Amino acid sequence: MAVCTVYTTQSLNSTCSISTPAKTHLGFNQKHVVFYSSSKKTSRRASSAVITCSADTQTVVIGLAADSGCGKSTFMRRLTSVFGGAAEPPKGGNPDSNTLISDTTTVICLDDYHSLDRTGRKEKGVTALDPRANDFDLMYEQVKAIKDGIAVEKPIYNHVTGLLDPPELIKPPKILVIEGLHPMYDERVRDLLDFSIYLDISNEVKFAWKIQRDMAERGHSLESIKASIEARKPDFDAYIDPQKQYADAVIEVLPTQLIPDDEGKVLRVKLIMKEGVEFFSPVYLFDEGSTISWIPCGRKLTCSYPGIKFFYGPDTYFGHEVSVLEMDGQFDRLDELIYVESHLSNISTKFYGEVTQQMLKHADFPGSNNGTGLFQTIVGLKIRDLFEQIITSRAKTPVEATKA
Ligand SMILES: Nc1ncnc2c1ncn2[C@@H]1O[C@H](COP(=O)(O)OP(=O)(O)OP(=O)(O)O)[C@@H](O)[C@H]1O
Ligand SMILES: O=C(CO)[C@H](O)[C@H](O)COP(=O)(O)O
């Protein structure tokens with residue numbers, strides 16, 4: 001009996017099939033195929049084996065990083081809507097699950113990889129942002145397994161009780177989104193991402209949003225909100241904020257420059273897009289690569305005080321070449337957004353007016369009248385486009401095999 005192992009450059013999963021020029025008995029595991037045969041010609045046959053995997057079922061992995069209360073859930077709702085169908089927690093599972101599943105996407109919250117529960121963190125004097133409170137080995141193993149087409153039993157961090165609940169089954173989806181505090185912190189996890197986004201909310205705006213949500217909806221006092229932001233800040237600066245250097249797209253939210261000393265109600269939002277990212281071409285305004293300042297308020301766009309200002313141009317971000325699209329101000333009439341949409345290019349829509357349609361559909365979501373909603377919607381469309389391109393390219397590329 002002769003045995004020959006062939007290593008592949010791509011991971012193999014249960015969708016893969018192997019054909020050889022002659023009859024051989026074979027089996028395969030994640031990165032290699034083993035051929036057994038009574039023939040001495042095994043080695044030659046193995047080298048000419050053709051390995052085919054179904055591209056449809058290989059998971060594309062997207063990372064979304066941001067601090068708590070910075071709009072991740074809102075962004076996820078916009079993204080899953082682009083793919084159609086509702087995103088819901090796993091049916092019949094833990095009612096406090098953080099996971100959202102739709103036909104195309106599964107969104108998992110990285111809080112589920114907290115290794116210390118609320119009491120454990122208190123006893124050790126660490127915050128949830130501290131890497132010591134999180135299990136990056138498990139995060140890496142499970143995200144890799146899902147990407148390789150293997151279902152996992154993922155833990156659940158229960159935000160109601162502050163405890164770690166029994167795990168839930170996560171099956172490989174078409175698109176896996178890992179959202180939370182640390183999707184780009186661990187190099188191994190970062191390398192699994194096909195595309196990454198960082199929501200960079202400036203302190204002033206974060207404070208305004210926290211007050212609005214935690215005072216109005218959760219009954220917290222102004223003092224306690226201030227204290228919680230201050231307590232998280234050193235770890236946020238040390239472990240969360242630096243991840244933005246790795247992101248393929250950053251949505252930066254700043255106070256307006258149109259009104260002096262505004263309290264974070266009118267926003268200036270920048271979409272920073274890395275150049276040279278495979279399957280992602282930055283959005284542009286009017287003329288790709290040029291520098292444009294545009295005030296669209298006129299006959300076709302109603303603007304009340306303080307108006308709307310767009311900017312587009314090239315820049316550098318953490319040493320990378322980027323394109324930046326910026327919007328300062330807010331829309332009065334969302335149906336007129338079509339005027340702005342028609343001047344943007346590379347937005348990966350499937351039909352004229354798709355951005356406007358998505359924005360109108362979710363007019364009640366926070367940020368629908370400003371650049372946060374507009375840019376989140378556009379990034380959602382870019383992710384759909386990236387996914388479709390990846391699937392097409394995988395379908396064209398046969399798995400490459402090298403003999404041991
Ligand atoms: N674009 C926006 N414009 C205005 N307010 C916003 C925007 N996005 C989010 N907010 C405010 O921030 C709050 C938190 O938003 P969201 O739930 O999407 O964030 P999150 O990052 O998922 O939060 P958490 O991690 O705490 O669950 C919202 O209730 C809203 O008050
Ligand atoms: O930063 C966070 C991410 O959402 C939370 O504070 C962290 O997950 C801890 O959660 P809780 O406050 O519910 O114990």
Side-chain angles (χ1 to χ4, degrees), residues 64-80 87 96-100 107-123 126-131 133-135 155-165 177-183 185 197-202 204-218 220 224-225 228-229 231-233 235-236 239-241 251-256 262-271 327 329-331 359 362-377 379:
L64 173 68
D67 197 3
S68 147
C70 286
K72 295 186 297 292
S73 312
T74 311
F75 186 13
M76 283 303 102
R77 287 195 290 163
R78 289 191 197 277
L79 173 69
T80 48
D96 296 327
S97 166
N98 302 307
T99 302
L100 286 174
V107 182
I108 62 172
C109 174
L110 297 180
D111 294 351
D112 289 333
Y113 293 99
H114 288 337
S115 50
L116 297 174
D117 63 11
R118 206 174 282 159
T119 313
R121 292 196 299 271
K122 209 168 174 189
E123 280 169 3
V126 293
T127 70
L129 300 91
D130 191 315
N134 296 280
D135 187 343
I156 300 176
Y157 176 73
N158 189 320
H159 281 278
V160 181
T161 61
L163 297 171
L164 290 158
D165 283 353
V177 184
I178 57 169
E179 64 95 352
L181 298 170
H182 305 100
Y185 180 82
I197 307 127
Y198 185 91
L199 298 183
D200 188 7
I201 315 299
S202 64
E204 299 94 317
V205 177
K206 201 189 280 187
F207 189 55
W209 288 3
K210 274 257 175 209
I211 289 174
Q212 182 196 323
R213 181 179 72 170
D214 294 355
M215 271 180 94
E217 295 169 23
R218 300 186 178 176
H220 296 179
S224 73
I225 296 168
S228 133
I229 291 179
R232 290 171 72 95
K233 195 155 185 323
D235 282 354
F236 174 79
Y239 309 119
I240 312 305
D241 195 57
I251 298 181
E252 195 174 298
V253 185
L254 303 150
T256 182
D262 184 68
E263 289 162 353
K265 292 213 173 69
V266 180
L267 303 176
R268 177 164 72 106
V269 187
K270 291 165 89 167
L271 175 58
M327 175 185 161
Q330 52 196 36
F331 300 111
M359 291 282 281
H362 303 299
D364 57 331
F365 285 8
S368 288
N369 65 344
N370 62 41
T372 57
L374 176 63
F375 294 160
Q376 286 177 5
T377 302
V379 173

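Since this is a predicted model, take the numbers as computed values, not measurements. We count ligands from 1, going down the list as the structure has it; atoms in each ligand are counted the same way. FYI, side chains are in, hydrogens and waters are out, and symmetry mates aren't considered; it's all heavy atoms of this structure.
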Distance check, rounded to the nearest 0.5 Å: N369 atom CG versus T372 atom OG1? 7.5 Å

CG-OG1 distance between D96 and T161, expressed to the nearest 0.5 angstrom: 6.5 Å

[Y] and [X], any side-chain heavy atoms less than 4.5 Å apart:
X    : Y    : result
Y113 : I108 : yes
S368 : Q376 : no
L374 : T377 : no
L110 : L181 : no
P255 : V205 : yes
R78  : M359 : yes

Are R77 and F365 in a cation-pi contact, defined as NZ or CZ under 6.0 Å from the six-membered ring centre and within 45° of the axis? yes

Protein neighbours of ligand 1 with a heavy atom under 4.0 Å, given by chain and number, are D67, S68, G69, C70, G71, K72, S73, T74, W209, Q212, R213, P366, G367, T372

Write out each pair where an N or O from ligand 2 and one from the protein are under 3.5 Å apart, with the distance.
{"from": "ligand 2", "atom 1": "1 (O)", "to": "R232", "atom 2": "NH1", "distance (Å)": "3.1"}
{"from": "ligand 2", "atom 1": "1 (O)", "to": "R232", "atom 2": "NH2", "distance (Å)": "2.7"}
{"from": "ligand 2", "atom 1": "4 (O)", "to": "D111", "atom 2": "OD2", "distance (Å)": "2.8"}
{"from": "ligand 2", "atom 1": "6 (O)", "to": "R232", "atom 2": "NH1", "distance (Å)": "3.2"}
{"from": "ligand 2", "atom 1": "8 (O)", "to": "D111", "atom 2": "OD2", "distance (Å)": "3.2"}
{"from": "ligand 2", "atom 1": "8 (O)", "to": "H114", "atom 2": "NE2", "distance (Å)": "2.7"}
{"from": "ligand 2", "atom 1": "10 (O)", "to": "H159", "atom 2": "ND1", "distance (Å)": "3.3"}
{"from": "ligand 2", "atom 1": "13 (O)", "to": "R118", "atom 2": "NH2", "distance (Å)": "3.1"}
{"from": "ligand 2", "atom 1": "13 (O)", "to": "H159", "atom 2": "ND1", "distance (Å)": "2.8"}
{"from": "ligand 2", "atom 1": "14 (O)", "to": "R118", "atom 2": "NE", "distance (Å)": "2.8"}
{"from": "ligand 2", "atom 1": "14 (O)", "to": "R118", "atom 2": "NH2", "distance (Å)": "3.3"}
{"from": "ligand 2", "atom 1": "14 (O)", "to": "R121", "atom 2": "NH2", "distance (Å)": "2.9"}
{"from": "ligand 2", "atom 1": "14 (O)", "to": "Y157", "atom 2": "OH", "distance (Å)": "2.5"}

